[in-house]
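Working notes, beginning with the structure itself.
By convention in this document, chain letters (A, B, ...) are assigned in the order of the sequence lines, proteins followed by strands, and residues within each chain are numbered from 1.
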2 protein chains.
Amino acid sequence: MTPTARRRLAPEVRRRQVLDAAIAVFSEEGLHGASMDAIAARAGVSKPLVYAHGGTKDELFAACLAREADRLVTAMTTAVGSGDPTAGDDGEGRLYRALRAFFHAVTTHRQGWTVLYRQASTGEFAGGVDAARRGIVRRAAELLAPELGGSVEAAEPIAHTLVGAAEGLTDWWLGGDGAQRSSTATNADHPATGEAPADVLARMLTAIVWPGLDALRRGPAM
Amino acid sequence: MTPTARRRLAPEVRRRQVLDAAIAVFSEEGLHGASMDAIAARAGVSKPLVYAHGGTKDELFAACLAREADRLVTAMTTAVGSGDPTAGDDGEGRLYRALRAFFHAVTTHRQGWTVLYRQASTGEFAGGVDAARRGIVRRAAELLAPELGGSVEAAEPIAHTLVGAAEGLTDWWLGGDGAQRSSTATNADHPATGEAPADVLARMLTAIVWPGLDALRRGPAM
DNA sequence: CATCCTACCTACTACCGCGTAAAGTAGCGA
DNA sequence: TCGCTACTTTACGCGGTAGTAGGTAGGATG
């Protein structure tokens, strides 16, 4: 279909195409399940081109990882940094905005999300996935630390917990784990509340964790 | 080491050996990274024997999955079911006991945990991993539903969130994602409080989420 | 219109790991 | 002591995939 091939494009454009295709295939098939042929086919391009622009399979995966992780971290950072009139500027408001940015990024770029988090983090690429994840958690800890009135190290377990909770809620929203579901219609079509999913999810998670975090902030002793 | 081979064992015992070895290797190398030869070597047994007792690689992995998932669910169910004198029997107490059981199971059988959760959940085996995970979340939802005074379906997103939070906290405790860490000693040796890790972790997570859950219970309207 | 650069493709090789077959060896009950 | 069978060693077929060698053609430039 669409014999886009044999059309000479600027390297920069092609590279972006290849990266997009790689993210798509990696998110569907996993790191090992995805073949370079499949990525090439998805990009409408031959395999050597994939190697020319993406390098080795591992390098290509690392590039995907880096791009998506950067997208997420950037989105959250700017969301927290900029005051938002629709939400207060206290701790709860900041938490809400950060979570909303997270859920927005994830629900609109679910392929990237899948690549980042639902891949084999064991084996050769543990370092890569782990590094990306660690960056996000680190960011969360930095945002949380002043809120809790402690050091960044002290905030780390809470940051891990929060990120994990957000992952879990995201999994629920995206429906299972992205695979086919057979049982009752558990999800996929959530009641349309006429509200953006990111707002709904962020409100849910804020409601669950904020009271506890607030209590921790007031009485950090134990 | 320990040339256990050439020792005729009851099929049932051998099967257990093979399963143990498979879980160990799968947890270290991942589903694709683990080779049947490696599993055979780990079990101190020849390859054909692995096939005799464990079947195909996929079947073997499914068996590992089932065993570990069952172990977790059983531990949590019994922990919640039996009243515990050291903790109240109200909602908070039940939550605490369930979490403690979860963390206890996970910290004492971290290989099984790794197999269950930190593997490629995409691709051909999404169904298997997803099913195991879903069972656990389902259990959590069933335990939460009466607490929140709603249906099991209504409790599902919260169950997902809780399970995700527990996963995140576990990742922090186990240090990174199980891979080698190079930077500063972020973890691995947490301050020994003279308390079981499961208790510490369960108390942390309870403190974070219980206030919010309690509030949801009192005012489930939005 | 001729030329050259290079983006791009077809076709191939090398390799790895699953799964099995064949033939022999040794534990253990009768 | 006999024999059953759990087990081992060795070897191989086969499917699939990472990565490459060398040929082809688009398109900017003179």
Side-chain angles (χ1 to χ4, degrees), chain A residues 1-26 28-65 119-120 122-125 128, chain B residues 1-22 24-26 28-64 119-120 122-125 128:
Chain A
M1 305 302 162
T2 62
T4 327
R6 272 318 182 176
R7 182 77 195 268
R8 291 168 76 101
L9 293 181
E12 172 183 310
V13 179
R14 269 285 192 247
R15 178 179 164 76
R16 190 194 183 91
Q17 274 187 9
V18 169
L19 251 184
D20 287 339
I23 287 175
V25 177
F26 279 139
E28 290 169 10
E29 311 288 344
L31 170 56
H32 291 275
S35 71
M36 295 299 265
D37 294 88
I39 293 172
R42 177 71 67 102
V45 128
S46 71
K47 197 159 54 148
L49 245 199
V50 175
Y51 280 90
H53 286 102
T56 270
K57 189 182 186 183
D58 286 356
E59 293 168 355
L60 182 58
F61 187 72
C64 297
L65 223 55
Q119 293 304 330
T122 41
E124 68 225 277
F125 237 91
Chain B
M1 299 301 162
T2 62
T4 328
R6 273 317 182 174
R7 183 79 194 269
R8 290 168 78 101
L9 294 181
E12 168 185 310
V13 179
R14 270 281 192 251
R15 180 180 163 75
R16 189 194 182 93
Q17 273 186 11
V18 170
L19 252 183
D20 288 340
V25 177
F26 279 138
E28 290 168 10
E29 311 288 343
L31 170 55
H32 292 274
S35 71
M36 295 299 265
D37 295 87
I39 293 173
R42 177 70 67 101
V45 131
S46 70
K47 194 162 58 148
L49 206 66
V50 174
Y51 280 88
H53 285 102
T56 272
K57 191 183 187 182
D58 285 357
E59 293 168 355
L60 182 58
F61 187 71
C64 296
Q119 293 302 327
T122 41
E124 69 224 277
F125 240 94

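A:Lys57 is not listed as a side-chain neighbour of A:Ile39, based on a closest heavy-atom distance of 4.5 Å or more. Two residues are said to be in side-chain contact when any heavy atoms from C-beta on lie closer than 4.5 Å; B:Val18 and B:Leu49 fail this criterion.
The distance between atom CG of A:Asp37 and atom P of C:dA11, rounded to the nearest whole Å, is 14 Å. Between the C1' atom of C:dG27 and the CZ atom of B:Arg14 lies a distance of 11 Å, rounded to the nearest Å. A:Tyr51 has its OH atom 5 Å from the P atom of D:dA18, to the nearest Å. Between the C1' atom of D:dG19 and the NE2 atom of A:His53 lies a distance of 17 Å, rounded to the nearest Å. We find that CD1 of A:Ile39 is positioned 8 Å from P of D:dA18, with the value rounded to whole Å. With rounding to whole Å, B:Lys57 atom NZ is found 14 Å from D:dG15 atom C1'. Across the protein-nucleic acid pair, A:Phe26 atom CZ and D:dA18 atom C1' stand 12 Å apart, rounded to whole Å.
Within the nucleic acid shown, B:Pro11 has no heavy atom closer than 4.0 Å to any nucleic acid atom. If you check every strand for non-hydrogen atoms under 4.0 Å, B:Ala34 touches sugar and phosphate atoms only. Contacts of A:Ala10 with the nucleic acid, taken as non-hydrogen atoms under 4.0 Å apart, are absent. Within 4.0 Å of B:Ser35, counting heavy atoms only, lie sugar-phosphate atoms of the nucleic acid but no base atom.
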Any protein N or O atoms within reach of nucleotides 28-30 of chain C? Criterion: under 3.5 Å, listing atom names and distances.
unit_1, atom_1, unit_2, atom_2, d
C:dC28, OP1, B:Arg7, NE, 3.3

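Each of A:Glu12, A:Arg16, A:Gln17 was checked for a side-chain contact (heavy atoms from CB on, under 4.5 Å) with A:Arg14, and the lone residue meeting it is A:Gln17.
At least one side-chain nitrogen or oxygen of B:Thr56 sits closer than 4.0 Å to the OP1 or OP2 atom of C:dG19.
With hydrogens and angles ignored, a donor-acceptor pair closer than 3.5 Å exists between the side chain of B:Lys47 and the base of C:dG19.
Rounded to 10 degrees, the angle separating the terminal axes of the helix from C:dC1-D:dG30 to C:dA30-D:dT1 is 10°, with each axis obtained from five end pairs.
Pairs of residues two or more places apart, or lying in two chains, that qualify as salt bridge (charged side-chain N to carboxylate O under 4.0 Å, His left out) and include a residue from residues 43-54 of chain A are A:Asp37-A:Lys47.
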